[in-house]
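The block underneath contains the structure these notes are about, expressed in structure tokens.
By convention here, the first residue in the shown sequence is residue 1.
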Amino acid sequence: MRLAFSGLLIFVVVASLDAAPIVEKTLDPGVIVEIPTARQSGNTTILFPAPIAGLYAKSVSAQEQANADFLISFLPGNVYLAVRALKPGVEDHLTVIIDRKAYVFHLTASDEPFYSVSMVRGGGVHDRRRAVNPERLLSLMDTAKAFPLLGKEHPEKLIGVDHVTSDQVIPYDNFRVVIRDVWRFDAEDTLVFSIQLENESDVAILYKPQDLAIGLGDRIYTQSIADASGIMPPNSVTQAFFTITGDGEGGRNNLAPDNDWNVLVVRAESTDANSNGGSK
């Protein structure tokens, strides 16, 4: 599954270094990671949780040459790279692109380097997402609803918000769900979904707004708040909004808005298998 992209990059230099040669670091687009890099012996290998799309640096090269301070080995699509300092006292900033996010690493030649660095999302299993209260979720939903106007008049309010339009259709018996827009608010780790519920029958269809959910792969993410009527009148098209926050276990979901979603709708009058899931 793809993960989230944020347009906001706030670089903060981390001053403290781990003493061990094998370390784990947080993968955070808002933090420059210090990497004391092997020079006299071995290489520094950095392992990522997703494939590398690209690399950018001033004095890092895949071949030894006069103007290169660091030698790097990697292939696009790999989840790791190996780097070695070619000269004493050199430094450079290496930008790594992963899942449409830029991560910055400060490489410094060192006689006490990291030999293996494992980058983990959100600080690993010990990191927990900060709770987002209902008032904040309603505010995010209002921002999503006003997205076109804010984009024209107050674009600064949309920093850190990623938006995609969609025409994904999830068919059910007698109705279908069309995903129209998905927004990701990275700071709150929240997705806002705008959907259309199209009742193709001559009778009203009741559903449970509190049970709206998203299926992605083998995971189900339940809504954190919803703005939905709970009824589809006969032969109608109605709109609903709902949010997905975190991974349901107190951690981050880090989901991009352009995944292949399955919207799950539960009918109010039945809880059998035919009314609990959509088919694609």
Side-chain angles (χ1 to χ4, degrees), residues 1-125 127 160 162 164 184 186 217 252 254-260:
M1 68 181 63
R2 294 183 294 277
L3 299 179
F5 167 81
S6 172
L8 178 62
L9 299 177
I10 305 175
F11 296 140
V12 181
V13 176
V14 178
S16 61
L17 299 179
D18 294 340
I22 298 175
V23 299
E24 182 180 276
K25 294 282 188 178
T26 300
L27 189 66
D28 186 341
V31 174
I32 296 178
V33 180
E34 298 283 349
I35 303 291
T37 305
R39 182 178 69 87
Q40 294 181 328
S41 175
N43 298 283
T44 295
T45 300
I46 307 176
L47 180 66
F48 297 92
I52 300 168
L55 300 173
Y56 302 91
K58 179 182 178 182
S59 58
V60 177
S61 174
Q63 297 179 342
E64 291 194 38
Q65 53 194 43
N67 63 346
D69 293 334
F70 295 88
L71 182 66
I72 196 166
S73 175
F74 104 105
L75 291 174
N78 278 359
V79 297
Y80 66 92
L81 61 85
V83 62
R84 177 167 61 89
L86 296 174
K87 307 168 187 175
V90 294
E91 63 177 330
D92 198 0
H93 287 85
L94 173 68
T95 300
V96 181
I97 307 300
I98 297 176
D99 291 328
R100 299 179 299 168
K101 279 189 177 182
Y103 300 93
V104 180
F105 298 83
H106 183 210
L107 307 178
T108 55
S110 176
D111 294 330
E112 297 182 356
F114 293 159
Y115 286 110
S116 177
V117 184
S118 295
M119 304 303 302
V120 296
R121 298 188 187 277
V125 297
D127 181 69
D162 192 22
V164 297
R184 175 173 174 80
D186 194 63
R252 291 179 63 86
N254 289 317
L255 295 172
D258 57 348
N259 278 289
D260 186 18

Taking all heavy atoms of [X] and all of [Y], pick out the closest pair and write down the distance.
X	Y	value
G89	A109	N-CB, 3.9 Å
G77	P51	O-CB, 3.3 Å
S59	D92	N-OD2, 2.6 Å
V164	P257	CG2-O, 3.3 Å

Would you give the length of the straight line joining atom [atom1] of [X] to atom [atom2] of [Y], rounded to the nearest 0.5 angstrom?
X	Y	atom1	atom2	result
L86	L71	CG	CG	5.5 Å
T37	L94	OG1	CG	9.0 Å
K25	E34	NZ	CD	8.0 Å
I72	Q63	CD1	CD	13.0 Å

Going by the ring pair (Phe, Tyr, Trp, His ring centres under 6.0 Å) test, which pairs reach into residues 50-74, not counting sequence neighbours?
none
Find out whether [X] and [Y] are in side-chain contact, i.e. whether some heavy atom of one side chain is under 4.5 Å from a heavy atom of the other.
X	Y	answer
I52	L81	yes
F114	P21	no
V117	I35	yes

Backbone N or O of G30 within a donor-acceptor pair of the D28 side chain at under 3.5 Å?
yes
Please check if the side chain of D162 supplies one atom and the backbone of R184 the other of a donor-acceptor pair under 3.5 Å.
no
Can you pull the side-chain hydrogen bond (donor to acceptor under 3.5 Å, both in side chains) pairs that have at least one residue in residues 76-91, sequence neighbours excluded?
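Listed by first then second residue: D69-K87, E91-H106.
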Please collect all side-chain hydrogen bond (donor to acceptor under 3.5 Å, both in side chains) contacts where either partner lies in residues 39-52, sequence neighbours excluded, each pair once.
R39-D111
Flag if over 12 foreign heavy atoms under 6.0 Å of CD, Q65
yes
Applying side-chain contact (heavy atoms from CB on, under 4.5 Å) to V31 and T26, what does each step give before you reach the verdict?
CA-CA 9 Å; V31 174; T26 300; over 6 Å; no
Which one of L27, N254, V120 satisfies the side chain to side chain contact (heavy atoms under 4.5 Å, CB included) criterion with P49?
L27
Set out, in order, the CA-CA distance, both residues' side-chain angles and the distance that settles side-chain contact (heavy atoms from CB on, under 4.5 Å) for V33 and M119, then state yes or no.
CA-CA 10 Å; V33 180; M119 304 303 302; 4.1 Å; yes
